[in-house]
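Throughout, a chain's letter reflects where its sequence line sits, starting with A, and its residues are numbered from 1. In what follows, every heavy atom counts, from backbone to side chain, and hydrogens, waters and symmetry copies are set aside.
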There are 4 protein chains.
Amino acid sequence: MNGKYIDEINVGDYEVFQKTVSESDVYLYAGITGDFNPVHVNDVTAKKSMFNGRIAHGMLTAGFISTVLGTLLPGPGTIYRDQTLSFKKPVYFGDTITAKVTVIKIIIEKNIIHCETVCFNQNDEVVVTGIAKVMPPKKMES
Amino acid sequence: MNGKYIDEINVGDYEVFQKTVSESDVYLYAGITGDFNPVHVNDVTAKKSMFNGRIAHGMLTAGFISTVLGTLLPGPGTIYRDQTLSFKKPVYFGDTITAKVTVIKIIIEKNIIHCETVCFNQNDEVVVTGIAKVMPPKKMES
Amino acid sequence: MNGKYIDEINVGDYEVFQKTVSESDVYLYAGITGDFNPVHVNDVTAKKSMFNGRIAHGMLTAGFISTVLGTLLPGPGTIYRDQTLSFKKPVYFGDTITAKVTVIKIIIEKNIIHCETVCFNQNDEVVVTGIAKVMPPKKMES
Amino acid sequence: MNGKYIDEINVGDYEVFQKTVSESDVYLYAGITGDFNPVHVNDVTAKKSMFNGRIAHGMLTAGFISTVLGTLLPGPGTIYRDQTLSFKKPVYFGDTITAKVTVIKIIIEKNIIHCETVCFNQNDEVVVTGIAKVMPPKKMES
């Protein structure tokens with residue numbers, strides 16, 4: 001059940017998570033967060049907007065980055081410290097998103113790694129990009 | 001149904017959203033994002049972790065910031081550009097979170113505002129902090 | 001799969017539906033309807049209110065009346081015409097609610113029945129009361 | 001976080017809430033209330049019914065009225081007393097519903113207001129109509 005220790009991680013390592021974003025994902029997310037911005041839940045208003053239809057919450061897509069960090073690389077036991085996010089393009093209902101986390105820097109003495117975090121859609125268009133700083137799980141003292 | 005235009009916004013303006021985070025919020029969020037990190041959904045493992053119990057996903061809490069930006073300040077029509085996030089403390093099931101967004105800089109010529117974004121719990125402990133850059137809705141050309 | 005025809009229904013007939021209302025019911029309901037009134041989802045604010053804690057949405061409880069009408073009496077095929085509702089007492093998380101629908105009037109020529117609709121809690125306290133007017137399913141012409 | 005006091009409310013004041021009703025809304029609502037009437041969750045049966053397809057629960061749509069009352073007008077702190085509902089037309093998956101609450105009577109001495117409550121769809125067809133009686137939040141004694 002444990003993620004990777006920092007000495008098991010190398011610059012260039014990466015993992016991905018993929019999911020097709022559904023209307024029900026967006027509706028449940030709105031229900032959890034209270035973000036009923038019409039561009040997410042009002043088809044009539046959203047069609048008149050610059051997006052020309054309902055889109056997913058940017059933070060929902062960004063959540064897929066946390067999925068990679070917390071379940072794959074480094075995985076369980078990781079402590080999430082910092083994340084920067086730039087929202088580049090809208091995610092529409094039915095888009096298939098890949099969240100890719102790539103290790104770009106390892107600071108052994110602080111037990112911190114830096115990762116490039118990118119989400120792109122089925123057309124290889126970047127929708128979210130940023131940098132994560134996380135602490136991999138620590139070995140128990142013996 | 002429209003949010004505030006940039007000329008209706010002043011440095012120091014703020015809005016808040018508040019919610020008690022429930023087990024069901026965290027479980028639904030795990031189901032949407034696929035982030036089944038045991039610290040969120042495995043009570044046995046989480047009790048043995050440094051957190052001493054299950055905690056909410058940091059990105060779930062961060063989502064409340066988007067709720068304020070997209071529904072209150074500036075509100076509907078806002079375009080989310082950038083967000084930095086630092087996760088300071090865990091959020092436990094039953095914690096009542098306040099997300100507060102305060103305008104700190106207004107760049108009229110680019111139609112961009114910068115906001116301090118802070119989430120704190122019922123004990124006034126900061127759990128998430130960061131900066132958002134958003135574009136308020138634009139007036140239609142006549 | 002069909003409900004009762006009007007000639008199979010008698011004044012005094014009744015059916016009930018029972019459920020313990022959970023935090024997750026209330027949270028999902030808030031998420032569907034957008035009703036994030038703090039008295040439902042903010043434990044800190046709700047504890048300071050006259051209710052002294054979070055309560056279910058009155059309309060959620062009222063929904064159990066529709067459950068009886070649409071699945072038991074008259075059952076599938078019923079057309080819901082009118083409902084009056086008086087909210088008498090709050091429903092707290094963990095309360096077990098019984099919705100009881102009793103036929104009080106039958107208007108054969110209009111294919112309409114009137115029902116007394118009452119919801120009460122585990123202490124037999126009435127929480128919602130009202131009158132429903134519904135059209136039972138009609139026999140197919142032969 | 002408080003709603004409007006009765007002396008801040010005028011006859012003719014109104015607020016609206018809008019949402020596109022999704023399949024997931026209806027399915028979650030069925031799961032919360034137990035109302036698994038086939039016309040809501042059985043596509044085969046519903047297509048053979050007079051509605052020619054699955055429809056939302058009338059009480060789900062009516063819930064949007066509570067959203068306006070409890071979050072916008074009068075807003076948080078309001079006590080819901082009575083509601084009449086007439087279900088006029090079915091709401092189909094994908095319909096965008098507007099719930100509009102308009103103040104029609106103010107009884108200062110009882111701290112009660114009466115509101116016309118109407119839900120209509122994207123084609124301006126009324127789907128639910130009725131009258132609400134609510135108590136706006138009261139000022140604290142000093």
Side-chain angles (χ1 to χ4, degrees), chain C residues 1-3 17-19 21-22 24-40 42 45 49-51 57-72 75-88 90 99 128 130-134 137-138, chain D residues 1-3 17-19 21-22 24-40 42 45 49-51 57-72 75-88 90 99 128 130-134 137-138:
Chain C
M1 289 291 282
N2 236 44
F17 174 79
Q18 295 186 307
K19 191 183 180 190
V21 176
S22 72
S24 68
D25 285 328
V26 175
Y27 270 55
L28 283 167
Y29 185 85
I32 293 167
T33 60
D35 187 347
F36 281 74
N37 187 327
V39 81
H40 305 306
N42 184 325
T45 301
S49 77
M50 63 174 289
F51 298 117
H57 303 73
M59 283 293 209
L60 192 172
T61 305
F64 297 150
I65 296 168
S66 173
T67 302
V68 179
L69 294 166
T71 67
L72 294 167
T78 297
I79 297 172
Y80 209 169
R81 294 287 299 273
D82 297 284
Q83 178 74 53
T84 64
L85 296 167
S86 292
F87 302 103
K88 297 299 189 185
V128 180
I131 301 289
K133 298 180 185 175
V134 303
K138 274 195 171 169
Chain D
M1 290 291 284
N2 238 42
F17 175 79
Q18 295 187 305
K19 191 184 181 192
V21 176
S22 72
S24 68
D25 285 329
V26 175
Y27 271 57
L28 285 167
Y29 184 86
I32 293 167
T33 60
D35 187 348
F36 283 76
N37 186 326
V39 80
H40 305 306
N42 184 325
T45 302
S49 77
M50 63 175 290
F51 298 117
H57 304 73
M59 282 293 210
L60 191 172
T61 304
F64 297 150
I65 295 168
S66 173
T67 302
V68 180
L69 293 167
T71 67
L72 296 168
T78 297
I79 298 172
Y80 209 169
R81 294 287 300 271
D82 297 284
Q83 178 74 55
T84 63
L85 297 167
S86 292
F87 302 103
K88 296 300 189 186
V128 179
I131 302 289
K133 297 180 185 175
V134 304
K138 273 195 173 171

Contact origin within D:I79 toward chain C - heavy atom pairs under 4.5 Å: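 Answer is side chain: those atoms of D:I79 sit under 4.5 Å from chain C.
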
Is chain C contacted by the side chain of D:S49, its backbone, both, or neither, given a heavy-atom distance below 4.5 Å?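 Looking at D:S49, nothing touches chain C.
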
Pairwise side-chain contact, D:Y80 with C:N37, heavy-atom cut-off 4.5 Å (strictly under):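 When only atoms from C-beta onward are counted, C:N37 and D:Y80 do not touch, as no gap falls below 4.5 Å.
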
Residue C:F17 versus chain D: region with a heavy atom under 4.5 Å: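 Side chain of C:F17 only, per the 4.5 Å heavy-atom cut-off to chain D.
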
Check whether D:H57 reaches the backbone of D:D35 with its side chain - one donor and one acceptor, N or O, closer than 3.5 Å.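 Confirmed, D:H57 side chain pairs with D:D35 backbone.
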
If only atom types and distance count, is the side chain of D:T67 paired as donor or acceptor with the main-chain N or O of C:T33 below 3.5 Å?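 Flag set: sc D:T67 to bb C:T33 pair under 3.5 Å.
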
For chain D, find which of C:T84, C:L72, C:L60, C:I32 contributes the most heavy-atom pairs closer than 4.5 angstrom.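 Top count of heavy-atom pairs under 4.5 Å with chain D: C:I32.
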
Under 4.5 Å, counting heavy-atom pairs only, tell me which of C:G31, C:G130, C:G70 racks up the most with chain D.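 Counting heavy-atom pairs under 4.5 Å, the top option is C:G70.
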
Heavy-atom pair with the smallest gap, counting every atom of D:F87 and D:M59: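 Distance-wise, the nearest heavy atoms are CE2-N, 4.1 Å.
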
Residue selection (most heavy-atom pairs with chain C, distance under 4.5 Å) from D:S24, D:A62, D:G63: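 Result: the option with the highest number of such pairs is D:G63.
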
Can you tell me how far CD1 of D:I65 sits from CG of D:L85, rounded to the nearest 0.5 angstrom?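 It is 5.5 Å, given to the nearest 0.5 Å.
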
